[in-house]
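To find a chain, count down the sequence lines: A is the first, B the second, and so on, and within it residues start at 1.
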Amino acid sequence: MALRFHNSLTRQRETFQPLVPGKVGMYTCGPTVYNYAHIGNFRTFVFEDLLRRSLRFLGYQVTQVMNFTDVDDKTIRGSQATGESLDAFTARYKQAFFEDLDTLRVERAEVYPEATTHIEEMVALIEQLRERGHTYEDNGSIYFRIASFPGYGRLANLNPDQMRTSGRVDNDEYEKEDVRDFALWKAWTPEDGPVFWETRLGKGRPGWHIECSAMSMKYLGEHFDLHTGGVDNRFPHHENEIAQSCCATGQSFVSTWLHSEFLLVEGKKMSKSLGNFYTLRDLLDKGLDPVAIRYTLLSVHYRAQLNFSFDGIEASAQAVRRLRDLYRRLEQAHLHQGPGSGGRAEVATELCRADFTAALEDDLNLAGALGRLFLWVREANSLLDEAVLSVAEAQTMELWLKEVDSVLDVLKEDCDENAEACVARLVEERVKAKAAKDFAAADRLRAEIEALGWVVKDTAAGPVFHRR
RNA sequence: GGCGGCGUAGCCAAGUGGUAAGGCAGAGCUCUGCAAAAGCUCCAUCACCAGUUCAAAUCUGGUCGCCGCCUCCA
């Protein structure tokens, strides 16, 4: 089986062929750092995490670039509202973003370029477009003329002539030749205050779309493998990126475009007016387990709308618990070494590996892969119940589960080591109490452990414990 | 007006021609000092209608319902 993706550009499933065998360059549109990112944003970021982890699982070397949009209308307005400099304002949200990524166990990209530190690259790109006749100026601003790019609309599957035109656009955007044109460079206005750059293009700031063209090509080359984002970025943002990049370089830009669908909350698109708008921090305040949130975001195919519900989080938490319980059992299997399963362990594991891998290769069908994984989980538990696993077999199974977890990243428990050591002592005491048939003491210790928020389970191999 | 997606058990969800994965919840059983976990068993004919086919959740046409995009938005 070969890795296949549904390419938004062609709307077809295609076999993935990186430009350089074994290596993948991917650009993932990052956050505009003017507030805390919400759960819908994280649906996309977790999808991109699944993508990079899957690529690595499949043996590719990945270079991921994720930008920070740290200058635009919203960041400027935000900084003015708090009276901070733009840099100080956005720095807070950049840091918060990284904290949130850690909470959700999203792996770090290789490069996080910021728009404000790549002004020169953008200016050079705009100059290149100007030389090739794709731009025009008005009052110091520079616009991209989409009529100069015949391929415009291909990604979004929109015919420019049939786009709906509204009166509102006509009124607001009178300075453009065509309402569909977009700004590459915005001339300074008094509302921008201290936010401007004096450049060869004049005094002003870059438009939004140009940063992604400039920074992706700087770090990944003029033509690279994968570009991803939420569906809402498909048009106009990504369409404009294609226009800018192709017109500037004269060659194709991105091989494969991947777009993740929207996340709904309780069946509705998230919005502040509906009261179903949640940042990650809001959800943590409600006591939700971040790993359960991660699992939920992961377990629905990225091109399907995901309905986020609190019941769903509970179901995910249980599924994660099942995986963790098995992992603990495998870790401790050496304590009651068996005679060997007669090949059952190996066969089950190899079948699982083949099916799990095939599902991932099929446009990142993680839901299908998980279905197959849980079949193996049952088999593994059965073998443990029968106490037949040899030490080597248990290790093989444990290794496979760890390998799966290089994609899922849900096994590790968040707990501070002091608490764990403390509970471990109570568990030890309880073992002694039980050995002495002092069940009253054993029950008292169990209650104590549970009061600390932990659960202890007695198994054939001795007690195991974990956070509730 | 133009483009696109979706509708599978109580909930989530996989499955693009061969007779319905998996998770959660629920019921019963086994095991168990207790408590859990685990294992076993049970729980759907795939929105509706009409076609194509030896065979359709899967293809075609239509109906109903839901959702998204057409320059703020992951």
query: Do A:Phe68 and A:Phe98 make the cut of ring centroids closer than 6.0 angstrom?
result: yes
Beyond-backbone contact of [X] with [Y], side-chain heavy atoms, under 4.5 angstrom:
| X | Y | answer |
| --- | --- | --- |
| A:Tyr36 | A:Tyr93 | yes |
| A:His227 | A:Cys29 | yes |
| A:Ile76 | A:Val71 | yes |
| A:Phe374 | A:Leu323 | yes |
| A:Phe89 | A:Thr82 | yes |
| A:Thr69 | A:Thr75 | no |

Whole-Å distance between [N] [atom2] and [X] [atom1]?
| X | N | atom1 | atom2 | answer |
| --- | --- | --- | --- | --- |
| A:Leu323 | B:A37 | CG | P | 15 Å |
| A:Phe308 | B:A13 | CZ | P | 13 Å |
| A:Leu373 | B:C24 | CG | P | 12 Å |
| A:Trp376 | B:G23 | CH2 | C1' | 16 Å |
| A:Trp257 | B:A74 | CH2 | C1' | 14 Å |
| A:Asn307 | B:U8 | CG | P | 12 Å |
| A:Trp208 | B:C73 | CH2 | P | 4 Å |
| A:Lys437 | B:G33 | NZ | P | 8 Å |

Any base atoms under 4.0 Å from [X], or only sugar-phosphate, or nothing? Heavy atoms, all strands.
| X | value |
| --- | --- |
| A:Arg321 | nothing |
| A:Val300 | sugar-phosphate |
| A:Ala319 | sugar-phosphate |
| A:Ser260 | nothing |
| A:Gly371 | base |
| A:Arg11 | nothing |
| A:His301 | sugar-phosphate |
| A:Leu384 | nothing |
| A:Arg328 | nothing |
| A:Gly312 | nothing |

From [options], nucleotide with atom closest to [X] side chain:
| X | options | value |
| --- | --- | --- |
| A:Phe262 | B:A74, B:C70, B:G23 | B:A74 |
| A:Asp385 | B:G33, B:C73, B:G39 | B:G39 |
| A:Asn233 | B:A74, B:G33, B:C40 | B:A74 |
| A:Arg378 | B:G23, B:C72, B:C69 | B:G23 |
| A:Arg430 | B:G68, B:G33, B:C24 | B:G33 |

statement: Nearest heavy-atom approach of A:Arg324 to A:Leu411 is NE-O, 3.1 Å
- line: Looking only at heavy atoms, the pair that brings A:Glu393 and A:Leu389 closest together is OE1-CA, 3.5 Å
Return the nucleotide paired to [N]: Watson-Crick means purine N1 to pyrimidine N3 with N6-O4 or O6-N4, wobble means G-U with N1-O2 and O6-N3, both under 3.5 Å.
| N | result |
| --- | --- |
| B:U16 | none |
| B:C69 | B:G2 |
| B:A21 | none |
| B:C40 | B:G28 |
| B:U45 | none |
| B:C64 | B:G7 |
| B:U58 | none |

- prompt: Planes under 30° and centres closer than 5.5 Å, is that true for A:Phe374 with the base of B:G22?
  reply: no
Taking only side-chain nitrogens and oxygens of [X], does any of them come within less than 4.0 Å of OP1 or OP2 of [N]?
| X | N | value |
| --- | --- | --- |
| A:Arg322 | B:G39 | yes |
| A:Arg234 | B:G4 | no |
| A:Gln318 | B:A25 | yes |
| A:Asn381 | B:A38 | no |

Side chain A:Arg372 and base B:A21 donor-acceptor under 3.5 Å: no
query: Within the modelled atom types, does a donor on one side and an acceptor on the other bring the side chain of A:Asn365 and the base of B:G15 under 3.5 Å apart?
result: no
task: Would you kindly compare A:Asp311 and A:Glu314 by the position of their nearest RNA chain B nucleotide and give the one closer to the 5′ end?
output: A:Asp311
- request: Select from A:Lys434 and A:Glu48 the residue whose nearest nucleotide in RNA chain B is closer to the 5' end of that strand.
  value: A:Lys434
Measuring only the [atom1] atom in each nucleotide, how far is [N] from [M]? A whole number of Å is fine.
| N | M | atom1 | answer |
| --- | --- | --- | --- |
| B:A9 | B:G51 | C1' | 28 Å |
| B:A38 | B:A55 | P | 44 Å |
| B:A21 | B:A27 | C1' | 22 Å |
| B:A47 | B:C11 | P | 14 Å |

